[in-house]
S.K.: 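Provided herewith is a single structure, encoded as structure tokens, for subsequent inquiry.
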Amino acid sequence: MTGTQRTDDSLARALSAFRAGDPVLVHDFDDREGETDIVYPARSVTAADVARLRNDAGGLVCAALSDDAAEAMDLPFLESEIDHPAAGDHDLAYDDRSSFSLPVNHRETFTGITDSDRALTITKLSEAADAAVGGEYDAEDFAADFRAPGHVNVLRGAPGLLDDRRGHTELGLALAAEAGVGPAVVVCEMLDDESGAALSTDAAREYADRRGVPFLDGDRIVDSLA
């Protein structure tokens with residue numbers, strides 16, 4: 001089997017997993033963050049999935065929304081909303097800017113941090129993004145359904161996705177768009193329990209093989225979908 005065939009097979013497996021509501025592991029680039037995220041289509045996330053992200057990944061659970069959905073709901077980039085000197089120089093070693101928007105809870109949650117609360121917020125964000133892209137949901141609707149600050153960090157994708165930026169936000173949203181599962185995904189970095197650093201790529205691949213989860217490198221996604 002050629003490298004191209006393996007790439008095509010990996011992408012096909014990833015898209016099939018997304019359509020079934022199952023996770024995919026995505027490694028971005030060694031010269032960027034050098035991290036592997038567990039990525040889910042947001043519409044299908046359950047409390048058990050949030051628990052898996054906590055236990056098997058361990059990073060920050062974030063919901064990434066497409067730019068057009070975020071624009072329709074008037075969701076800003078967080079750094080532009082913080083009136084504090086700490087936000088004045090957002091110097092990042094791995095990118096030109098952060099994708100963070102508002103951290104939110106759905107208004108039907110209690111504390112917002114439990115697995116069930118976060119799953120509810122995530123699935124409701126997916127529903128809101130679907131409606132916003134369809135022109136049926138705006139900032140006032142969002143404010144009626146969500147409160148900020150909260151426990152699910154919203155990420156705003158770049159307008160041109162992989163043509164503009166190549167973070168996990170855009171890689172995950174590009175997969176979702178290709179799979180036809182809506183403009184929202186959940187991403188969470190995989191961390192090493194012993195070192196506390198990002199999980200090595202080899203260890204992430206071993207996890208993927210052991211759990212039967214598709215693994216994709218960012219450059220392969222870019223080559224296929226950009």
S.K.: Would you name the heavy atoms of Ala158 and Glu170 that are closest together and state the gap between them?
M.R.: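 Of all heavy-atom pairs spanning Ala158 and Glu170, the closest is N-OE2, 3.0 Å.
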S.K.: I'd like to know if Arg205 and Asp217 make a salt bridge, using a cut-off of under 4.0 Å between side-chain N and carboxylate O.
M.R.: yes
S.K.: Under a 4.5 Å cut-off applied to non-hydrogen side-chain atoms, are Arg156 and Glu71 in contact?
M.R.: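 Yes - at least one pair of side-chain heavy atoms lies under 4.5 Å apart.
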S.K.: Could you walk me through whether Arg54 and Asp115 pass the salt bridge (charged side-chain N to carboxylate O under 4.0 Å, His left out) check?
M.R.: CA-CA 9 Å; Arg54 284 195 295 105; Asp115 294 341; 2.8 Å; yes
S.K.: Please enumerate all residues that pass side chain to side chain donor-acceptor pair (under 3.5 Å) together with Arg107, with sequence neighbours excluded.
M.R.: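 Arg107 satisfies side chain to side chain donor-acceptor pair (under 3.5 Å) with no other residue.
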S.K.: What I'd like to find out is whether the side chain of Arg118 reaches to under 4.5 Å of the side chain of Asn105, using heavy atoms alone.
M.R.: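 No; the side chains remain at least 4.5 Å from each other.
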S.K.: For residues 173-183, which residue pairs pass the side chain to side chain donor-acceptor pair (under 3.5 Å) check, not counting sequence neighbours?
M.R.: none
S.K.: Is there a donor-acceptor pair closer than 3.5 Å between any side-chain N or O of Asp37 and the backbone N or O of Val26?
M.R.: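 It does not hold such a pair.
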S.K.: Donor-acceptor check, side chain of His168 to backbone of Glu35, threshold 3.5 angstrom: yes or no?
M.R.: yes
S.K.: Could you state the interatomic distance from CG (Asp219) to CG (Asp28), rounded to the nearest 0.5 Å?
M.R.: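 With rounding to 0.5 Å, CG (Asp219) is 10.0 Å from CG (Asp28).
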S.K.: Which residues satisfy the ring-ring contact (aromatic ring centres under 6.0 Å, His included) test with Tyr137, sequence neighbours excluded?
M.R.: none
S.K.: Is Ser224 reaching over with its side chain to a backbone N or O of Ile221, donor-acceptor style, under 3.5 angstrom?
M.R.: no
S.K.: Can you check whether Ala119's main-chain N or O pairs, donor with acceptor, with Thr123's side chain at less than 3.5 Å?
M.R.: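 Such a contact is found between Thr123 side chain and Ala119 backbone.
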S.K.: Given the rule that I, L, V, M, F, W and Y join up when any side-chain heavy atoms are under 4.5 Å apart, are Leu191 and Val213 in one cluster?
M.R.: no
S.K.: For the pair Asn153 (side chain) and Pro103 (backbone), establish whether a donor and an acceptor sit closer than 3.5 Å, ignoring hydrogens and angles.
M.R.: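 Side chain of Asn153 to backbone of Pro103: no pair is present.
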S.K.: Under 4.5 Å between side-chain heavy atoms, counting indirect links through other Ile/Leu/Val/Met/Phe/Trp/Tyr residues: same cluster for Leu60 and Val186 or not?
M.R.: yes
S.K.: Are the side chain of Ser101 and the backbone of Pro76 linked by a donor-acceptor contact shorter than 3.5 Å?
M.R.: yes
S.K.: Are side-chain heavy atoms of Val222 and Leu225 found at a separation under 4.5 Å?
M.R.: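 Val222 vs Leu225: side chains apart.
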S.K.: Would a 4.5 Å heavy-atom cut-off, applied to side chains only, mark Val39 and Leu25 as touching?
M.R.: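 With C-beta onward as the side chain, the pair stays apart.
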S.K.: As a test of understanding, state which of Ile38, Ile122, Val187 forms a side-chain contact (heavy atoms from CB on, under 4.5 Å) with Val61.
M.R.: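 Of all the options given, the one that passes is Ile122.
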S.K.: What are the two closest non-hydrogen atoms of Ala63 and Leu125, and how far apart are they?
M.R.: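 For Ala63 versus Leu125, the nearest heavy atoms are CB-CD1, 3.8 Å.
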S.K.: Is a side-chain N or O of Arg19 found less than 3.5 angstrom from the main chain of Ala179, in a donor-acceptor match?
M.R.: yes
S.K.: Are Glu108 and Lys124 close enough for a salt bridge, meaning some N to O gap below 4.0 Å?
M.R.: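 Lys124 and Glu108: not salt-bridged.
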S.K.: Measuring from Phe100:CZ to Thr169:OG1, what's the distance to the nearest 0.5 Å?
M.R.: 8.0 Å
S.K.: So, using side chain to side chain donor-acceptor pair (under 3.5 Å) as the criterion, who are the partners of Asp74 when residues are at least two apart?
M.R.: none
S.K.: Restricting to non-hydrogen atoms, name the atom on Pro41 and the atom on Val181 that form the minimum distance, rounded to 0.1 Å.
M.R.: CB-CG2, 3.9 Å
S.K.: When the ring planes of Phe215 and His27 are compared, do they come out parallel, tilted or perpendicular, using 30° and 60° as the limits?
M.R.: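 Because their plane-to-plane angle is under 30°, the rings of Phe215 and His27 count as parallel.
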S.K.: Could you give the distance from CG (Leu173) to OG (Ser99), rounded to the nearest 0.5 Å?
M.R.: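 Going from the CG atom of Leu173 to the OG atom of Ser99 covers 9.0 Å.
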S.K.: Flag the pair Ile113 / Asp117 as yes when at least one side-chain heavy-atom distance between them is below 4.5 Å, and no otherwise.
M.R.: no
S.K.: If every non-hydrogen atom of Thr121 is compared with every non-hydrogen atom of Phe146, which pair is closest and at what distance?
M.R.: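 Looking at all heavy atoms of both residues, the closest pair is O-CE2, 3.9 Å.
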S.K.: So how far is it from Glu189 CD to Leu53 CG, rounded to the nearest 0.5 Å?
M.R.: 10.5 Å
S.K.: Tell me every residue that passes ring-ring contact (aromatic ring centres under 6.0 Å, His included) with Phe18, counting only those two or more places apart in sequence or in another chain.
M.R.: none
S.K.: Examine distances only and state if a side-chain atom of Asp209 and a backbone atom of Glu206 form a donor-acceptor pair shorter than 3.5 Å.
M.R.: no
S.K.: Can you name the closest pair of heavy atoms from Leu175 and Leu15 and give their distance?
M.R.: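 The pair with the smallest heavy-atom distance is O-CD2, 3.6 Å.
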S.K.: Between Leu65 and Ala184, what is the shortest heavy-atom contact and its length?
M.R.: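 Answer, listing the atom of Leu65 first, then Ala184: CD2-CB, 3.6 Å.
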S.K.: Does the side chain to side chain contact (heavy atoms under 4.5 Å, CB included) test come out yes or no for Leu199 and Thr36, once each step is laid out?
M.R.: CA-CA 7 Å; Leu199 191 68; Thr36 299; 5.9 Å; no
S.K.: Any donor and acceptor pair, going by atom type alone, linking the side chain of Ser195 with main-chain N or O of Ala197 inside 3.5 Å?
M.R.: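 Confirmed, Ser195 side chain pairs with Ala197 backbone.
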S.K.: Side chains of residues 127-136: which donor-acceptor partners sit under 3.5 Å, not counting sequence neighbours?
M.R.:
none

S.K.: How many angstroms lie between atom CD of Glu81 and atom CG of Leu75, to the nearest 0.5 angstrom?
M.R.: 10.0 Å
S.K.: Please step through side chain to side chain donor-acceptor pair (under 3.5 Å) for the pair Ser200 and Asp202, ending with a clear verdict.
M.R.: CA-CA 5 Å; Ser200 71; Asp202 287 343; 5.6 Å; no
S.K.: Calculate, to the nearest 0.5 Å, the distance between atoms CG and CE belonging to Asp145 and Met73 respectively.
M.R.: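 Going from CG on Asp145 over to CE on Met73, the span is 10.0 Å.
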